[in-house]
Amino acid sequence: MELLLLSNSTAHGRSYLEHAMEAVTAFLPAGGTLAFVPYALADHDGYTDTVRKALEHRGVTVRGVHTTGGLDGADAVFVGGGNSFRLLRDLYRTGLRDALREAVPGGLPYMGASAGTNMACPTLRTTNDMPIVQPPSFAALGFVPFQINPHYLDPQPGSTHMGETREQRLTEFLECNDVPVLGLREGTWLRVSDGTATLGGKLDARLFRRGEEPRELQAGSDASWLLSAPAAFDA
């Protein structure tokens with residue numbers, strides 16, 4: 001499978017996808033048609049227009065699946081960020097989850113950002129989002145066998161906030177699931193191609209595994225071993 005899994009689509013002070021545009025344009029077929037999945041936000045037309053403005057001047061034709069009805073004629077698919085629960089609910093509701101699970105292993109390039117990156121994992125369980133709706137299942141698309149936590153935030157030294165840190169929440173996940181979790185910081189991504197996985201962007205990633213201390217994976221490093229790492233949920 002060909003995957004580009006972005007932690008985020010917007011970065012402070014930069015336009016939509018600008019921070020990762022070189023990786024995005026290298027990933028998308030030149031002159032191709034991109035099927036955009038806007039279901040993570042409520043305004044499907046407005047969201048699609050945002051993506052269109054970012055990409056069409058680079059030779060990419062953007063079509064929202066909410067108007068075309070599916071993936072027919074697409075050279076790639078982009079699942080945008082927003083609320084992961086709403087996104088997964090609508091993937092089930094529209095039948096697009098099954099269509100993606102057939103098309104992407106069959107060769108259709110898949111790009112996700114934030115919630116769209118969550119969808120590429122086996123389950124929704126490592127999202128940061130509030131469950132504003134209830135999908136039929138937490139089972140996502142499963143294009144990679146491990147979990148990703150987009151927008152990963154490091155604990156702030158000296159903070160008096162008494163809530164859980166992101167690291168604590170992911171450690172709780174590992175108490176119930178024996179699955180690697182890759183924390184992607186803002187402005188980073190994972191590129192999967194021909195059985196290899198490479199970390200992109202300028203910041204390192206944070207890797208969590210049950211029974212081990214979290215560790216850093218350097219930007220630009222090969223993370224292909226994650227594609228064959230054993231995973232056990234509810235374990």
Side-chain angles (χ1 to χ4, degrees), residues 1-11 16-29 32 34-41 44 47-48 50-51 54-55 60 62-66 71 74-92 94 96-129 135 138-152 181-193 197-201 205 223 226-227:
M1 286 180 282
E2 297 292 325
L3 311 174
L4 179 61
L5 305 177
L6 305 165
S7 176
N8 54 297
S9 55
T10 57
Y16 189 82
L17 291 176
E18 182 183 358
H19 68 285
M21 190 58 73
E22 183 176 347
V24 168
T25 53
F27 177 75
L28 297 178
L34 179 68
F36 176 62
V37 180
Y39 296 141
L41 295 185
H44 298 164
Y47 199 2
T48 303
T50 296
V51 178
L55 295 178
V60 178
V62 177
R63 297 178 181 172
V65 297
H66 65 295
L71 304 173
D75 299 299
V77 61
F78 175 31
V79 181
N83 186 275
S84 298
F85 291 90
R86 174 161 52 193
L87 172 57
L88 186 56
R89 180 201 64 179
D90 284 0
L91 291 183
Y92 275 99
T94 60
L96 193 57
R97 177 180 176 270
D98 289 340
L100 286 167
R101 282 168 57 87
E102 179 179 351
V104 174
L108 183 69
Y110 177 99
M111 184 170 79
S114 186
T117 288
N118 279 321
M119 294 303 103
C121 302
T123 175
L124 192 61
R125 298 183 200 188
T126 53
T127 181
N128 305 311
D129 295 331
F138 282 179
L141 297 170
F143 295 148
V144 295
F146 54 92
Q147 291 295 119
I148 296 175
N149 179 245
H151 307 288
Y152 178 76
V181 183
L182 186 66
L184 290 178
R185 295 181 171 94
E186 294 282 283
T188 67
W189 55 87
L190 185 72
R191 176 71 168 94
V192 178
S193 179
T198 307
L199 294 169
L226 280 170
L227 299 175

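When a residue number appears, it is its place in the shown sequence, counting from 1. Keep in mind that what you see is a predicted model, and the values were worked out from it rather than measured.
By the side-chain contact (heavy atoms from CB on, under 4.5 Å) test, Ala113 is found to be paired with Leu6, Ser9, Phe78, residues two or more places apart in sequence or in another chain being considered. Every residue two or more places apart in sequence or in another chain that forms a side-chain contact (heavy atoms from CB on, under 4.5 Å) with Thr25 is listed here: Met21, Arg58. Remark: Glu186 engages no residue in a salt bridge (charged side-chain N to carboxylate O under 4.0 Å, His left out) (not counting sequence neighbours). Looking at residues two or more places apart in sequence or on another chain, you find a salt bridge (charged side-chain N to carboxylate O under 4.0 Å, His left out) between Asp90 and Arg93. Scored by the side-chain contact (heavy atoms from CB on, under 4.5 Å) test, Ala99 finds Leu71, Leu96 as partners (sequence neighbours excluded). Residues passing the side-chain contact (heavy atoms from CB on, under 4.5 Å) test with His66, sequence neighbours excluded: Pro38, Tyr39, His44, Asp45, Thr48.
Residue Ser84 forms a side-chain contact (heavy atoms from CB on, under 4.5 Å) with just one option from Thr126, Thr127, Thr117, and that option is Thr127. Tested against Leu17, the residues Leu55, Thr50, Asn8 include a single side-chain contact (heavy atoms from CB on, under 4.5 Å) partner, Leu55.
Counting only heavy atoms from C-beta outward, the side chains of Leu141 and Tyr110 approach each other to under 4.5 Å. Looking only at side-chain heavy atoms (C-beta outward), Leu184 and Tyr152 stay at 4.5 Å or farther from each other. Val37 is listed as a side-chain neighbour of Val77, based on a closest heavy-atom distance under 4.5 Å. The shortest side-chain heavy-atom distance between His151 and Ser114 falls under the 4.5 Å cut-off. Taking the side chain as every heavy atom from C-beta outward, Leu3 and Val144 approach each other to under 4.5 Å. Inter-residue side-chain proximity for Leu190 and Leu199 is flagged as met; some heavy-atom pair is nearer than 4.5 Å. Using a 4.5 Å heavy-atom threshold, the side chains of Asp75 and Val60 count as separate. Here the side chains of Val24 and Met111 are in contact, with some heavy-atom distance below 4.5 Å.
Atom CE in Met119 sits 5.0 Å away from atom CG in Leu124 (nearest 0.5 Å). To the nearest 0.5 Å, atoms CG (Asn118) and CG (Leu87) are separated by 9.0 Å.
Taking a 6.0 Å sphere around CZ of Phe138, one finds it holds 12 or fewer heavy atoms contributed by other residues, nucleotides or ligands. In the displayed structure, Glu102 atom CD is contacted under 6.0 Å by at most 12 heavy atoms of other residues, nucleotides or ligands. Within a 6.0 Å sphere centred on CZ of Arg63, other residues, nucleotides and ligands contribute 12 heavy atoms or fewer.
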